[in-house]
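First up is the structure itself, then whatever we jot down about it.
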Amino acid sequence: MPRPAAPDLAPAVNEWFADAARPLPWRAAEVSPWAVLVSEFMLQQTQVDRVLPRWEAWIRRWPTPASLAAEPAAEAVRAWDRLGYPRRALWLHRAAVEIVERHGGEVPRGVDELLALQGVGPYTARAVAAFAFGVRVPVVDTNTRRVIARAVDGNAEPAPPSTARDLAAMSALLPESPHEARAFNAAAMELGATVCTARAPQCGVCPVSDRCAWLRAGSPAYDGPRKPKQARFAGSDRQVRGLVMRELRAAHRPVTRAEIMGIWADAVQLERAISGLIADGLAVETGEGMTLPEA
DNA sequence: AAGACGTGGAC
DNA sequence: TGTCCAAGTCT
């Protein structure tokens, strides 16, 4: 059953993008596919301004997958610093190893090969294929999902994510020309990130306000299923894990059990955090104490 | 397939 | 202040 004809958003959005695109360094013409891949790992659930300095430093230090793969994972986790979700650092290191082992040190260009890399999911695989190699594939992130929900479907917020549905919706909007398709993938994300925002969308400056289904319907409030509430961070296992990782990063030697116990009052929760980190491979227990993973 | 996973900024 | 959100992925 065909969905209703989607409005032709790409020309107007791309025209807007040509002018409004932020000059993000990983969008520069001369950056390598590896640099793009690194940016996409860092940008998962993380804002641009927090990524910028970490990305610059990372690319300077590890300009190729092989250069990262040659170092212990601990170095990757340290360089990740406080970007958050440190397992991404582990995954990026592992992906670098996989690229060296399976692809001769060159970031693969195919979505399937990219998908097979550790830490690379539907979004990142297509983002790298599209942005680093110009492959004509739909790229859908949270920003694009919101733009489509509003402009096409007339809803204030997207339905819960469904990779198949989201990719189909973006495919219907994607220009035929690979060049314009690549631009539109980036432009839709940029529109969602800077104009069609979650909080206070700036419809007054939106390039497709004249054909936005949501605006046309009178900007009705969202009435779909609510997103699960995010658990409070203060006092959470996540916070404790973060504190332990901060300790392990700072210490360039094994941290003793006694030292660890000093960073959080609740010993049971601390124990749970430590076990979790070990299970995740972010920490290893030696005879001397705990350290970041060397492998 | 719902829930876990860091951290910080904005309102 | 607390709540929501942020270029997702994995189990």
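A donor-acceptor pair is defined here as one N or O able to donate and one able to accept, closer than 3.5 Å; such a pair exists between the side chain of A:Arg88 and the backbone of A:Gln44. Between the side chain of A:Gln269 and the backbone N or O of A:Gly235 there is at least one donor-acceptor pair closer than 3.5 Å. Between the A:Trp91 side chain and the A:Val120 main chain, no donor and acceptor come within less than 3.5 Å of each other. A donor-acceptor pair under 3.5 Å links the side-chain atoms of A:Arg136 to the main chain of A:Glu176, judged by distance alone. Listed for the A:Arg109 side chain is no donor-acceptor partner under 3.5 Å among the backbone atoms of A:Ala129. Of the possible polar contacts, one joining the A:Trp80 side chain to the A:Gly84 backbone as a donor-acceptor pair under 3.5 Å is found.
Atoms CZ (A:Arg249) and P (B:dG6) sit 10 Å apart, rounded to a whole Å. In this entry the distance linking CZ of A:Arg146 with P of C:dC5 reads 9 Å, nearest Å. Regarding A:Leu114, its CG atom lies at a distance of 17 Å from the P atom of C:dG8, rounded to whole Å. The separation between A:Phe233 atom CZ and B:dT7 atom P is 5 Å, rounded to whole Å. B:dG9 atom P lies 12 Å from atom CG of A:Leu83, rounded to whole Å. Regarding A:Gln47, its CD atom lies at a distance of 13 Å from the P atom of B:dC11, rounded to whole Å. In this structure, A:Tyr85 atom OH and B:dG8 atom C1' are separated by 12 Å, rounded to whole Å. In this structure, A:Leu277 atom CG and B:dC5 atom P are separated by 9 Å, rounded to whole Å.
A:Thr46 comes within 4.0 angstrom of a nucleotide base, judged by non-hydrogen atoms across all strands. Heavy atoms of A:Pro122 sit under 4.0 angstrom from primed sugar atoms or phosphate atoms, though from no base atom. Across all strands, A:Val120 comes closer than 4.0 Å only to sugar-phosphate atoms, never to a base (heavy-atom distances). Base engagement by A:Leu24 is indicated by at least one non-hydrogen atom pair under 4.0 Å involving a base atom. A:Gly121 comes within 4.0 angstrom of sugar-phosphate atoms only, judged by non-hydrogen atoms across all strands, and of no base. The residue A:Ala127 sits apart from the nucleic acid: no heavy atom pair falls under 4.0 Å. Using a 4.0 Å heavy-atom cutoff across all strands shown, A:Pro228 reaches no nucleic acid atom at all. Heavy atoms of A:Trp26 sit under 4.0 angstrom from at least one base atom.
In terms of heavy atoms, A:Val111 sits closest to A:Val137 at CG2-CG1, 4.1 Å. Residues A:Asp280 and A:Leu90 come closest through the heavy atom pair O-CD2, 3.5 Å. Taking both residues in full, the closest heavy atoms of A:Phe131 and A:Glu40 are given as CD1-OE2, 3.7 Å, listed atom of the first, atom of the second, then distance.
At least one side-chain nitrogen or oxygen of A:Arg82 sits closer than 4.0 Å to the OP1 or OP2 atom of B:dG8. Between A:Arg145 and C:dC5, a side-chain N or O to OP1/OP2 separation shorter than 4.0 Å is absent. Regarding contacts with the backbone of B:dG8, every side-chain N or O of A:Arg50 stays at 4.0 angstrom or more from both OP1 and OP2. Contact annotation: A:Thr124 side-chain N/O to C:dA7 OP1/OP2 distance is not under 4.0 Å.
Residue side chain A:Ser236 does not reach the base of B:dG6 through any donor-acceptor N/O pair under 3.5 Å, judged by distance alone. Remark: the A:Arg238 side chain and the B:dT7 base include no donor-acceptor N/O pair separated by less than 3.5 Å.
A:Thr197 and A:Gln202 share no side-chain donor-acceptor pair at under 3.5 Å. A donor-acceptor pair shorter than 3.5 Å cannot be found between the side chains of A:Thr163 and A:Asp166. A donor-acceptor contact closer than 3.5 angstrom is absent between the side chains of A:Asn155 and A:Asp153.
Of the two residues contacting DNA chain B, namely A:Gln45 and A:Asp49, the nearest-nucleotide position lying further toward the 5' end is that of A:Gln45. Taking for each of A:Gln118 and A:Arg22 the nucleotide of DNA chain C with the nearest heavy atom, the 5'-most of the two is the partner of A:Arg22. Sequence order on DNA chain C of the closest nucleotides to A:Leu117 and A:Leu43 puts A:Leu43 first from the 5' end.
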Worksheet item: What would the secondary structure line of DNA chain C be in dot-bracket form, counting Watson-Crick and G-U wobble pairs under 3.5 Å, with [ ] for pairs that cross earlier ones and | for pairs with another strand?
Response: .|||||.||||
Below 3.5 Å between N/O atoms, which protein atoms pair up with nucleotides 1-4 of chain C? Just atom names and distances, please.
| from | atom 1 | to | atom 2 | distance (Å) |
| --- | --- | --- | --- | --- |
| C:dC4 | O2 | A:Arg199 | NH2 | 2.7 |

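Comparing C:dC4 with B:dG3, their P atoms are spaced 16 Å from each other, to the whole Å. To the nearest whole angstrom, the two C1' atoms, one in B:dC11 and one in C:dA7, are 22 Å apart. Rounded to whole Å, the separation between the C1' atoms of B:dA1 and C:dA6 comes to 23 Å.
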